[in-house]
Visitor: 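Okay, handing you the structure first.
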Amino acid sequence: MPSRHTPSGLPPALARVQRTLVMAVLNVTPDSFSDGGEFLDPERAVERALHQVRLGADLIDVGGESTRPGAERIPVAVELERVLPVVEMLVGEAVAVSIDTMRAEVARAAVDAGAVLVNDVSGGLGDEAMLPFVAESGHPVVLMHWRGHSREMQRHATYPTGVTREVVDELEHRLEAAVAAGVAPDRVVLDPGLGFAKNAEHNWSLLAALDGLAALGQPLLVGASRKRFLGELLAVDGEPRPVEQRDDATVAITTLAAAAGAWCVRVHDARGNVDAVRVAEAWTSEDR
Ligand code: PMM
């Protein structure tokens, strides 16, 4: 079984966990592909997150800007207005919060409010102030493979020398950039960025190569939950499986990702995924 790497700098309750972590998504947006508009009201958002924690989620990933293909950017003030009250309320409930943002200003406000992890889908490319901020804060950071903003990203879904090779190379560059900015390498989590400048075939290649990515020696995060490539896989008569019926396939990916050594999976509904990481842990455990 490939070894699972865990980032430093997490709160002790998370650092102690001896299995793949389950991060539950909380999109405080009107337009995310799977849950857009459902949790714009902070009270509802918090209720949803607490439900996910009761189901066994280890972390709640709060995001205020949709990254679905084609999405337009929003002003930073709007992003802050969406996420901050929710982060504050969740921290007040002793929930471990991750902040899903490409903006240093939003990351800083969330960290000041008590967020424990920064999740940057742009891998530090979206805002030049992000990596220096992460270095200063000392928080662990997720750097995802990214090739451009949602509006235009599918134009960059070309990998002439092989998707795994190019993604690994580009992630290594992001890691180097983080270290050059002063981020401790043991705080950096890498993420292949499924669906971001990638078609279904690219996503499956990356998932199949996950143990190879784990060999980079960094903790890995996998975000496959409900994504379009699952809808395409399960299509009937050319009709993709609807978003709300992709959770079983998500659980299957979680099991395989956990067995391949992922540190964390990012999912919309913790149910099933929490059991899946336990199954994978028992399956791959070496001390029996
Ligand atoms: N995917 C989405 C948003 N944030 N963060 C990380 N680290 N990895 C991902 O794969 C990822 C992400 C898009 O999905 P959503 O709109 O359902 O949140």
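First listed ligand is number 1; within each ligand, the first listed atom is number 1.
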Visitor: So is Arg226 in contact with ligand 1, going by heavy-atom distances below 4.0 Å?
Guide: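 Heavy atoms of Arg226 never come under 4.0 Å of ligand 1.
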
Visitor: Going by the order shown, which atoms of ligand 1 are within less than 4.0 Å of some heavy atom of Val121?
Guide: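 It comes down to these atoms of ligand 1: 4 (N), 5 (N), 12 (C).
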
Visitor: Can you tell which of Thr29, Leu26, Thr67 gets a heavy atom nearest to atom 13 (C) of ligand 1?
Guide: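 Considering heavy atoms of Thr29, Leu26, Thr67, the nearest to atom 13 (C) of ligand 1 sits in Thr67.
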
Visitor: Run the numbers for me: atoms of ligand 1, each under 4.0 Å from some heavy atom of His268, listed by number.
Guide: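 Here the atoms of ligand 1 in question are 15 (P), 17 (O).
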
Visitor: State the atoms of ligand 1, each with its element, that fall below the 4.0 Å cut-off from a heavy-atom position in Asn27.
Guide: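 Reading through ligand 1 atom by atom, the close ones are 15 (P), 16 (O), 17 (O), 18 (O).
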
Visitor: Less than 4.5 Å apart, any side-chain heavy atom of Gln52 and any of Arg48?
Guide: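 Yes - at least one pair of side-chain heavy atoms lies under 4.5 Å apart.
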
Visitor: By number and element, which atoms of ligand 1 are closer than 4.0 Å to a non-hydrogen atom of Val142?
Guide: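 Those atoms are 7 (N).
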
Visitor: Ligand 1 versus Asp100, non-hydrogen atoms closer than 4.0 Å: side chain, backbone, both, neither?
Guide: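 Asp100 to ligand 1: side-chain contact only, backbone stays beyond 4.0 Å.
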
Visitor: Nearest non-hydrogen atom to atom 10 (O) of ligand 1 belongs to which of Lys227, Met23, Arg266, Met102?
Guide: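 Of the listed residues, Lys227 has the closest heavy atom.
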
Visitor: Would you check if Val167 and Tyr159 make a side-chain contact, meaning some heavy-atom pair closer than 4.5 Å?
Guide: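 Yes. Closest side-chain heavy atoms under 4.5 Å.
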
Visitor: Output every pair passing side-chain hydrogen bond (donor to acceptor under 3.5 Å, both in side chains) with a member in residues 79-95, not counting sequence neighbours, ordered by first then second residue.
Guide: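 Qualifying pairs, neighbours excluded: Glu79-Thr101, Glu79-Arg103.
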
Visitor: Please tell me if the side chains of Arg19 and Asp58 come closer than 4.5 Å, counting only heavy atoms from C-beta onward.
Guide: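 Result yes, sub-4.5 Å side-chain heavy-atom pair found.
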
Visitor: My understanding is that a hydrophobic cluster links ILVMFWY residues whose side chain heavy atoms are under 4.5 Å apart, including indirect links. Using that, what else belongs to the cluster containing Leu14?
Guide: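 Other cluster members: Leu10, Val17, Leu21, Met23, Leu59, Val116, Leu117, Val142, Val189, Leu221, Trp263.
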
Visitor: side-chain contact (heavy atoms from CB on, under 4.5 Å) with Phe196: which of Lys227, His145, Arg147?
Guide: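 Of the listed options, the one satisfying the test is Lys227.
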
Visitor: Taking only non-hydrogen atoms of Arg68, do any sit less than 4.0 angstrom from ligand 1?
Guide: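 Contact absent.
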
Visitor: Any idea which atoms of ligand 1 are less than 4.0 Å away from a heavy-atom of Phe196?
Guide: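 Selected atoms, number and element: 1 (N), 2 (C), 11 (C), 13 (C).
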
Visitor: State whether the side chain of Asp127 and the backbone N or O of Ala129 hold a donor-acceptor pair below 3.5 Å, judged by distance alone.
Guide: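 Confirmed, Asp127 side chain pairs with Ala129 backbone.
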
Visitor: Which ligand 1 atoms, with their elements, are less than 4.0 angstrom from a heavy-atom of Asn119?
Guide: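 Numbered from 1, ligand 1 contributes 5 (N), 6 (C), 7 (N).
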
Visitor: Do Trp204 and Leu213 sit in one hydrophobic cluster, given that two such residues count as connected whenever their side-chain heavy atoms are within less than 4.5 Å of each other, even indirectly?
Guide: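 Trp204 and Leu213: one cluster.
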
